[in-house]
Engineer: 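Structure incoming, see below.
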There are 2 protein chains.
Amino acid sequence: MSAGEDIPEAYAAPIAALAEEMARHGRARAAPVREVMALLGDRWTTLLLIVLSIGPWRHAALRRAVARLSAEQKISQRMLTLKLRALERDGFVLRSISGDVPPRVAYALTPLGEGLAGQARGVVDWVNAQAEAIHAARAVFDAAEGD
Amino acid sequence: MSAGEDIPEAYAAPIAALAEEMARHGRARAAPVREVMALLGDRWTTLLLIVLSIGPWRHAALRRAVARLSAEQKISQRMLTLKLRALERDGFVLRSISGDVPPRVAYALTPLGEGLAGQARGVVDWVNAQAEAIHAARAVFDAAEGD
DNA sequence: CAGCATCCTCGGCGATACTG
DNA sequence: CAGTATCGCCGAGGATGCTG
């Protein structure tokens, strides 16, 4: 039952608090960080959310818009469908179909999804704003190791 | 040179603006979203940043603290070193050594790193706050597909 | 046009053993 | 104790072809 064996005394409390906060939701295994990673920790979802925050999209157009923002690299339609499904499942995206064949599908953010998109934008904008500092640090580091 | 062929007229402008904003830093290939993903889009970095925001850590203790917060699953020391190096390279983490053998290494966030950790906390906290809504939506979705 | 099934590639990550 | 080297696994993700 020993809590955090070699964790410094002073850090035990905040760590325990975090651990409890993370265990509160879900059944033990589902730490929020994990959920965030499962949500945004992949190659496309963040970008997808940002594009979706512009407005509702049809599948094909969405694919092209994403390509424009990812150095012209296209997301495979398999992945697009997969990621959209995941977002739909968690209540971030609403999928509406009109017409049977050919199907006419539209994707739009729900209010919840707009909240998540806002968070994503926040992080991206922050990184964007710090880009110079980051690249400067990187240059220093790379120069130092190669001497 | 046709910009975004089948992208809806009304969306062309915001997409172009985003594209330009993303191309501003780095040399074309480095879209901020990409950088964010390369930074936070892996299994450990976000969690690492949050733990580091508590204070400076020694390597071994940090490993144990991370384990506490990830459902007791340990990060391999190889990955810990790798991720810390990446964060150090970009100026988010400062690594200080005292003593040769055995080495005594301490890791701490730089001011820049604290900014990034704050962003990470923001997203995690938001997801945490919306956990109920997310799980509810997920339950509805799962129930609907299995009928 | 949107989606699913299939097959395959590739790199993130873990396990282990070894150095200073 | 911190770091590196080597090996091997596994799953995210790409390509293609077929259906409604």
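Chain A is the first sequence line, chain B the second, and so forth, proteins listed ahead of strands; every chain is numbered from 1.
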Engineer: Are side-chain heavy atoms of B:Val127 and A:Leu40 found at a separation under 4.5 Å?
Structural biologist: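 No; the side chains remain at least 4.5 Å from each other.
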Engineer: Need one value for B:Arg63: base, sugar-phosphate or nothing, where a base atom within 4.0 Å counts as base even if backbone is also close, heavy atoms only.
Structural biologist: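 No contact.
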Engineer: With a 4.5 Å limit on heavy-atom distance, are the side chains of B:Val124 and B:Leu47 in contact?
Structural biologist: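 No, their side chains stay 4.5 Å or more apart.
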Engineer: Would you please confirm or rule out a distance under 4.0 Å between OP1 or OP2 of D:dG3 and any side-chain N or O of B:Tyr107?
Structural biologist: yes
Engineer: Atom CH2 of B:Trp57 to atom C1' of D:dA2: distance rounded to whole Å?
Structural biologist: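 Distance, rounded to whole Å: 17 Å.
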Engineer: Would one find a side-chain N or O of B:Arg85 under 4.0 angstrom from OP1 or OP2 of D:dA2?
Structural biologist: no
Engineer: Closest approach to the side chain of B:Arg58, judged atom by atom: which nucleotide of C:dA2, D:dC1, D:dG3 is it?
Structural biologist: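 In terms of side-chain proximity for B:Arg58, the closest of C:dA2, D:dC1, D:dG3 is D:dC1.
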Engineer: For side-chain contact (heavy atoms from CB on, under 4.5 Å), just list the numbers for A:Leu49 and A:Thr45, CA-CA rounded to whole Å, side-chain angles, deciding distance to a tenth of an Å, and then say yes or no.
Structural biologist: CA-CA 6 Å; A:Leu49 282 169; A:Thr45 304; 4.3 Å; yes
Engineer: With heavy-atom distances below 4.5 Å as the criterion, would you say the side chains of B:Arg43 and B:Lys83 are in contact?
Structural biologist: no
Engineer: Angle between the two end axes of the helix from C:dC1-D:dG20 to C:dG20-D:dC1, five base pairs per end, rounded to 10 degrees?
Structural biologist: 40°
Engineer: Within a 6.0 Å radius of atom CZ on B:Arg104, are there more than 12 heavy atoms belonging to other residues, nucleotides or ligands?
Structural biologist: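 No - once you tally the heavy atoms of other residues, nucleotides and ligands closer than 6.0 Å, there are 12 at most.
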Engineer: Figure out the NE2/C1' separation between B:His59 and C:dG20, and round it to whole Å.
Structural biologist: 15 Å
Engineer: Give the B/S/- string for nucleotides 11-20 of chain D, one per nucleotide from 5' to 3', where a protein heavy atom under 4.0 Å of the base yields B, of only the sugar-phosphate yields S, and otherwise -.
Structural biologist: --BBBBB--B
Engineer: List the atom of A:Ile15, the atom of B:Ala65, and the distance in Å for their closest heavy-atom pair.
Structural biologist: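 Looking at all heavy atoms of both residues, the shortest contact is CD1-CB, 3.9 Å.
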Engineer: A side-chain contact here means heavy atoms from C-beta on lying under 4.5 Å apart; do A:Ile75 and A:Leu62 qualify?
Structural biologist: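 Side-chain contact under 4.5 Å: no.
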Engineer: Can you give me the closest heavy-atom contact between B:Trp57 and A:Pro8, atom names plus distance?
Structural biologist: CZ3-CD, 3.8 Å
Engineer: Could you give the CG-to-C1' distance, from B:Leu80 to D:dA2, as a whole number of Å?
Structural biologist: 10 Å
